[in-house]
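Following: one structure in structure tokens, then a few remarks.
Chain A is the first sequence line, chain B the second, and so forth, proteins listed ahead of strands; every chain is numbered from 1.
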2 protein chains.
Amino acid sequence: MSEVTKPGGTRAIARDAVRARISEVALDLFDEHGFDNVTVEQIAAAVGVSPRSVHRYFPAKEDTVIGDPAGWGEHVRDQLVARPSDEPIWDALLASYEALLATPGRNEAQGRKAMRVLGSTAALRARNLEKHLLWAHLLTPIVAERLDGDHRGLRAEAIVQASLACFDIALTAWAETDAEESSVELLRRSFGALQPTA
Amino acid sequence: MSEVTKPGGTRAIARDAVRARISEVALDLFDEHGFDNVTVEQIAAAVGVSPRSVHRYFPAKEDTVIGDPAGWGEHVRDQLVARPSDEPIWDALLASYEALLATPGRNEAQGRKAMRVLGSTAALRARNLEKHLLWAHLLTPIVAERLDGDHRGLRAEAIVQASLACFDIALTAWAETDAEESSVELLRRSFGALQPTA
DNA sequence: CCTGATCTGTCAGTCTCTGCCACTTGTGGC
DNA sequence: GCCACAAGTGGCAGAGACTGACAGATCAGG
């Protein structure tokens, strides 16, 4: 994503800008009226393009909120593989997620708004689930490699899914509180709930 | 559901039968051609009713596969509240899910087919997620009551979501294997993955 | 048999999403 | 500066899921 001065770049720049603008306008409308009460036609009108073009930038209405899942998933995976192999698996996962949350360049208010809208609409929760499944596919083999004993595949899947659940709960809680607590703090707390012994 | 000879019951019986028939036919079609490649019109034609009637029995196409989530969720909740209050929370949850899986009157082949179709389609996974959220809303307050210390709400949520993830993973694995292992066995194993210390 | 409630089908309409085609606009070569 | 080509855009038509309204059919109970 975002090459360094790609040949013929002005067009790509314009495209990215339009894409960001659609996403921004859509999020505002969703936050105000609710996802289901806003039509693609309204978004298009607010941005100043045709409904057809909105669908060219975003295959589905939900994608205006979710964004690009694959990129962040690979980021988490890279963090996880970089962890020392003798580290407890839960610590490694927690650290990987923390690195993601600590990534700069993320607008706090915008992020909260996105999470709020996301949590309040079934269609968006569904898209978020697909993102999690994508992440799980990336993380599970790595986790399985670090386990001993039988049934590593199943156990790795359980661990990854459970950790993703914690991640989600932490972000949801973070979106609902008013900046009183950091997302990292909430993430650690939800992770801690699964390990009363640690 | 299914009262004992409800007054004016013949109509209710017919209704339940038609409902079951639609669900059965739809599941077969989905399993053969894929969920997205089967239209409501085709299901209606195969059953012998109008498309409008199919939507009368099932608000959404996905509901023909998922069935009634609320009923089973309440069943699990009842199991959980009946557990001794000094039992470790994970044991109580495991036992509650086990009781659900052990419920008789569930066609094994039909169940596997439903889980197989469910796992292979995004729209159905989404509906399944909504079921889980419904269950989570029922179970979380009960779990929170059994916890000590701070942040019981968040911790209870993490525990419930993680346990539901285990439940789902076990059922998915069960649907993919060929009757070699019982669903209860797989459930215990996935639960065990989260408690290496126990 | 008749009355009223329930069930069903048909029709029209909304909304998301997808091809298709024509038109405009920016890009690069000459 | 001009021109061919690619990329972006808009309008149109259509599929498919779902909803509301209306009219006819069906069945329980008096």
Margin query: Using side-chain heavy atoms (C-beta onward) and a distance below 4.5 Å, is A:Lys61 in contact with A:Phe30?
Written below: yes
Note to self: Is any side-chain heavy atom of B:Arg125 closer than 4.5 Å to one of A:Glu130?
What the structure shows: yes
[X] [atom1] to [N] [atom2], straight-line distance once rounded to whole Å:
X	N	atom1	atom2	value
A:Gln42	C:dC15	CD	P	8 Å
A:Arg15	C:dT25	CZ	P	19 Å
A:Lys61	C:dT18	NZ	C1'	17 Å
A:Glu41	C:dT18	CD	C1'	17 Å
B:Phe58	D:dT19	CZ	P	14 Å
A:Tyr57	D:dA7	OH	C1'	10 Å
A:Arg127	C:dT16	CZ	P	14 Å

Could you state the interatomic distance from [atom1] ([X]) to [atom2] ([Y]), rounded to the nearest 0.5 Å?
X	Y	atom1	atom2	result
A:Leu27	A:Ile22	CG	CD1	13.5 Å
B:Ser23	B:Tyr57	OG	OH	13.0 Å
B:Asp91	B:Gln195	CG	CD	7.0 Å

Next item on the list: Assess B:Arg112 against B:Trp174: is NZ or CZ under 6.0 Å from the centre of the six-membered ring, and within 45 degrees of the ring's axis?
Entry: yes
Margin query: Both B:Glu62 and A:Arg56 contact DNA chain D. Taking the nearest nucleotide for each, which residue is further toward the 5' end?
Written below: A:Arg56
Notebook entry, point to check: What nucleic acid atoms does A:Ala60 come within less than 4.0 Å of, heavy atoms only: base, sugar-phosphate, or nothing?
Noted result: sugar-phosphate
For DNA chain D, the residues among [range] that have a non-hydrogen atom under 4.0 Å from it:
range	answer
residues 19-38 of chain B	B:Val38
residues 114-125 of chain B	none
residues 46-55 of chain B	B:Arg52, B:His55

Check: Do the rings of B:Trp90 and B:Phe191 sit parallel, tilted or perpendicular, given the 30° and 60° boundaries?
Finding: perpendicular
Notebook entry, point to check: Can you check side-chain contact (heavy atoms from CB on, under 4.5 Å) on B:Ile66 and B:Leu118, steps first, answer last?
Noted result: CA-CA 8 Å; B:Ile66 299 293; B:Leu118 200 159; 3.7 Å; yes
Check: Do B:Leu133 and B:Ile169 sit in the same hydrophobic cluster, where Ile, Leu, Val, Met, Phe, Trp and Tyr count as joined when their side-chain heavy atoms come under 4.5 Å apart?
Finding: no
Next item on the list: Apply the side-chain contact (heavy atoms from CB on, under 4.5 Å) test between A:Gln79 and each candidate in A:Arg83, A:Arg77, A:His75; give the one that qualifies.
Entry: A:His75
Next item on the list: Decide yes or no on side-chain contact (heavy atoms from CB on, under 4.5 Å) for B:Val143 and B:Leu80, but give the supporting numbers first.
Entry: CA-CA 9 Å; B:Val143 171; B:Leu80 185 59; 4.2 Å; yes
